[in-house]
**Q** 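Here it is: the structure, laid out below.
For clarity, every value in this text was computed on a predicted model and none was experimentally measured.
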Amino acid sequence: METRRIKGTKDILPEETEIFLAAEKELRETMSKYGYREIRTPVFEYTELFIKGTGETTDIVNKEMYTFEDRGGRSISLRPEGTPSVIRAYLENNLYKKRNFQKLFYYGRMFRYEKPQAGRFREFRQFGIESVGSSSPQVDVETIILGLEVLSNIGLKRVELQLNSVGCENCRPSYKESLRNFLEPKLNNLCDDCRRRFETNILRILDCKKTNCRKVLKNAPTYIQYLCNECKNHFSEVQYLLQKTNVNFTLNPYLVRGLDYYTKTVYEFISQVLGAQDAVGGGGRYDKMVELFGGPQIPAIGFACGMDRILLAIEKEGEIKIIEKKLDCYIVTMDEETDEEGFLLLNKLRKKGISTEKDFLNRSIKAQMKDADRLGAKCSIIIGTEELSRNEVTLRRMSDGSQKRIRLSVDEIIKELNNNIKQ
Ligand code: AMP
């Protein structure tokens with residue numbers, strides 16, 4: 001029987017969960033500042049949605065989906081990315097009829113059957129945005145500025161923005177043609193995957209990371225020369241606005257991104273401290289997807305960022321803040337009778353908003369004190385037999401060990417605790 005966790009998944013233990021929670025708080029605050037509202041879609045969808053949305057020829061759909069047949073014989077897949085689900089939900093719930101410009105964000109688990117390595121998992125967390133309804137280059141720039149700000153607010157400082165344009169259905173055929181002419185005589189020098197891509201999705205050859213393929217591509221024609229007027233103007237405006245808003249960027253003619261649906265602007269956020277898996281996020285415009293899903297002609301743009309990889313990069317930058325959770329009060333008891341009194345007090349204090357713990361293992365007073373220290377308790381309340389007979393307890397301030405007898409009254413205990421907790 002296999003009872004270990006599945007390769008490529010991880011257990012996020014409480015200390016790390018705290019780090020995720022802090023990052024998620026920053027995420028939500030920044031999204032809200034830019035007017036993006038959270039949408040939560042199912043973790044699985046009909047497989048067809050991803051075949052259509054993400055693209056039949058992509059690695060994600062071809063090699064990486066967790067696909068299964070449900071009991072009704074339908075083909076279902078765990079979501080490998082968020083965009084197709086958000087666009088499906090946008091259409092299915094008629095969001096475009098409610099407001100013709102929608103700014104949505106999501107955060108959740110994605111699943112891809114990839115080769116696990118540092119920063120690459122089979123279950124991982126992505127947050128992303130989808131800005132649906134405007135074709136303005138200002139929106140392209142807004143998403144980039146938001147992406148950089150979210151990353152910075154979460155704690156990632158050393159990020160490079162890479163930018164490219166992958167044109168539209170008008171100019172793409174002529175660029176593909178010139179790339180095909182350039183690559184055809186050199187096919188033997190390309191890897192197996194790229195030889196396959198030559199037939200199925202030639203643009204993807206541009207972002208192959210293999211050394212030989214990179215060598216072949218050195219003098220390849222770049223898309224910029226082939227952009228139609230509309231795409232050229234759009235791309236110039238995006239660059240102009242980035243300069244005007246003081247956002248540094250690097251033009252990368254090889255940036256095409258792994259998904260089929262992009263048009264015009266594409267970009268990636270690259271961490272300067274990570275090794276091989278250095279992209280912490282990426283996105284671009286996808287002006288055709290809403291239509292492809294049977295909706296009206298509505299343009300859209302979005303990005304997705306990998307939370308696990310971001311936290312890895314922040315750790316590498318040496319910036320992870322360890323969040324110290326302090327306990328307000330630990331109740332120390334002596335025997336059965338005082339222990340029951342302790343349990344009742346525990347519940348009363350928690351109800352009043354004081355974080356409180358007690359022992360549940362019948363440990364000695366010394367061991368209970370140690371436990372209080374380990375949990376970082378600011379105070380302890382000691383209920384001894386003699387104290388209880390006088391209807392009193394001892395309050396001990398953990399920082400200096402000073403003690404004081406007080407009445408066993410919740411109001412009085414809270415008053416004293418508040419005095420000490422604040423210090
Ligand atoms: P993509 O959806 O492929 O454009 O990826 C967007 C971001 O999600 C990447 O830049 C990564 O930060 C993250 N990501 C993608 N795949 C994985 C994975 N297998 N494990 C961890 N993070 C991932």
**Q** For atom NZ of Lys370, is the number of surrounding heavy atoms from other residues, nucleotides or ligands below 6.0 Å larger than 12?
**A** no

**Q** Please confirm whether the backbone N or O of Val166 pairs with a side-chain atom of Arg172, one donor and one acceptor, at under 3.5 Å?
**A** yes

**Q** Look up atom CG in Asp59 and atom OG1 in Thr54, then write down how far apart they are to the nearest 0.5 Å.
**A** 12.0 Å

**Q** Counting distance only, does the side-chain N/O of Thr67 pair as donor-acceptor with the main-chain N or O of Ser77 below 3.5 Å?
**A** no

**Q** Count the heavy atoms of every other residue, nucleotide or ligand shown that sit under 6.0 Å from CD of Gln225, and state whether that count exceeds 12.
**A** yes

**Q** Give the C-alpha distance, both sets of side-chain angles, the deciding distance and a yes or no for side chain to side chain donor-acceptor pair (under 3.5 Å) between Gln117 and Gln277.
**A** CA-CA 9 Å; Gln117 50 193 290; Gln277 311 300 325; 3.1 Å; yes

**Q** Donor-acceptor pair, distance only, cut-off 3.5 Å: does the side chain of Arg204 make one with the backbone of Thr58?
**A** no

**Q** Which heavy atom of Gly284 sits nearest a heavy atom of Tyr262, and at what distance?
**A** N-CE2, 3.3 Å

**Q** Take atom OH in Tyr240; do more than 12 heavy atoms of anything else shown fall under 6.0 Å from it?
**A** no

**Q** Step by step, would you call Glu184 with Arg180 a salt bridge (Lys or Arg N to Asp or Glu O under 4.0 Å)?
**A** CA-CA 6 Å; Glu184 199 150 29; Arg180 194 168 292 122; over 6 Å; no

**Q** With a 6.0 Å cut-off (strictly less than), is the heavy-atom count around CD of Glu38, excluding the residue itself, greater than 12?
**A** yes

**Q** Taking atom CZ of Arg109 as the centre, report whether more than 12 heavy atoms of other residues, nucleotides or ligands fall under 6.0 Å from it.
**A** no

**Q** For Lys10 and Asp308, run salt bridge (Lys or Arg N to Asp or Glu O under 4.0 Å): C-alpha distance rounded to whole Å, both residues' side-chain angles, the deciding distance at 0.1 Å, then the answer.
**A** CA-CA 10 Å; Lys10 58 180 186 177; Asp308 309 74; 3.3 Å; yes

**Q** Is the count of non-hydrogen atoms from other residues, nucleotides or ligands lying under 6.0 Å from Phe198 atom CZ greater than 12?
**A** yes

**Q** Is a donor on one side and an acceptor on the other found under 3.5 Å between the side chain of Asp70 and the backbone of Arg74?
**A** yes

**Q** Please step through side chain to side chain donor-acceptor pair (under 3.5 Å) for the pair Ser75 and Glu48, ending with a clear verdict.
**A** CA-CA 8 Å; Ser75 180; Glu48 253 181 273; over 6 Å; no

**Q** Would Lys358 pass as a cation-pi partner of Phe360, given that its NZ or CZ must be under 6.0 Å from the six-membered ring centre and within 45 degrees of the axis?
**A** yes

**Q** So, for Tyr66 and Phe68, is the gap between ring centers shorter than 6.0 Å?
**A** no

**Q** Decide yes or no on side chain to side chain donor-acceptor pair (under 3.5 Å) for Ser85 and Tyr106, but give the supporting numbers first.
**A** CA-CA 10 Å; Ser85 305; Tyr106 60 85; over 6 Å; no

**Q** Verify, without hydrogens or angle tests, whether Asp287 (side chain) and Pro299 (backbone) share a donor-acceptor contact under 3.5 angstrom.
**A** no

**Q** On a heavy-atom basis, which atom in Lys210 and which in Cys191 lie closest, and how many Å separate them?
**A** NZ-SG, 3.8 Å

**Q** Could you please spell out the steps behind the salt bridge (Lys or Arg N to Asp or Glu O under 4.0 Å) verdict for Lys115 and Glu64?
**A** CA-CA 9 Å; Lys115 200 165 162 228; Glu64 297 170 2; over 6 Å; no

**Q** Hey, what do you get for CD1 (Ile301) to CD1 (Ile129), rounding to the nearest 0.5 Å?
**A** 7.5 Å

**Q** Is there a donor-acceptor pair under 3.5 Å between the side chain of Arg99 and the backbone N or O of Phe101?
**A** yes

**Q** Grab the two heavy atoms, one from Arg363 and one from Asp359, that are nearest each other, plus how far apart they are.
**A** NE-OD1, 2.8 Å

**Q** How long is the straight-line distance from CG of Leu395 back to CD1 of Ile381, given to the nearest 0.5 Å?
**A** 4.5 Å

**Q** Please round to the nearest 0.5 Å and tell me the distance separating atom OG of Ser380 and atom CD of Gln368.
**A** 9.5 Å

**Q** Kindly compute the distance separating CZ (Arg257) from CD (Glu268), expressed to the nearest 0.5 Å.
**A** 4.5 Å

**Q** How close do His234 and Ser136 get, heavy atom to heavy atom, and via which atoms?
**A** CE1-C, 4.2 Å

**Q** Kindly say whether Ile60 contributes a backbone atom to a donor-acceptor pair with the side chain of Arg112 at under 3.5 angstrom?
**A** no

**Q** Just wondering, are more than 12 heavy atoms of other shown residues or ligands nearer than 6.0 Å to CG in Leu21?
**A** yes

**Q** Are the side chains of Arg309 and Arg120 in contact, using a 4.5 Å heavy-atom criterion?
**A** yes

**Q** Please walk me through it: do Ser402 and Asp400 pass side chain to side chain donor-acceptor pair (under 3.5 Å)?
**A** CA-CA 6 Å; Ser402 60; Asp400 60 3; 2.9 Å; yes

**Q** List the atom of Phe121, the atom of Glu114, and the distance in Å for their closest heavy-atom pair.
**A** O-OE2, 4.4 Å

**Q** Looking at Leu148, is its backbone amide N or carbonyl O close enough to the side chain of Ser152 to form a donor-acceptor pair, meaning the two atoms are under 3.5 Å apart?
**A** no

**Q** Does Tyr175 have its ring centroid less than 6.0 Å away from the ring centroid of Tyr226?
**A** yes

**Q** Can you measure from CZ (Arg125) to CD1 (Ile310) and round to the nearest 0.5 angstrom?
**A** 12.0 Å

**Q** For a quick test of reading the model, state the closest non-hydrogen atom pair linking Gln126 to Gly82 and the distance between them.
**A** OE1-N, 4.2 Å

**Q** So, does Glu317 use its side chain to make a donor-acceptor pair with the main chain of Arg158 at under 3.5 Å?
**A** yes

**Q** Please say whether the positively charged group of Arg374, taken as NZ for Lys or CZ for Arg, lies over the ring of Tyr330, i.e. under 6.0 angstrom from the six-membered ring centre and within 45 degrees of the axis.
**A** no

**Q** Look only at the side chain of Lys378 and the backbone of Gly376, and say whether a donor-acceptor pair between them is shorter than 3.5 Å.
**A** no

**Q** The test is salt bridge (Lys or Arg N to Asp or Glu O under 4.0 Å); show your working for Asp328 and Lys352 and say whether it passes.
**A** CA-CA 12 Å; Asp328 291 333; Lys352 296 280 183 188; over 6 Å; no

**Q** Under 3.5 Å, is there a donor-acceptor pair linking the side chains of Tyr107 and Glu24?
**A** yes

**Q** Surrounding CG of Asp373 (heavy atoms of other residues, nucleotides or ligands, distance under 6.0 Å), is the total greater than 12?
**A** yes

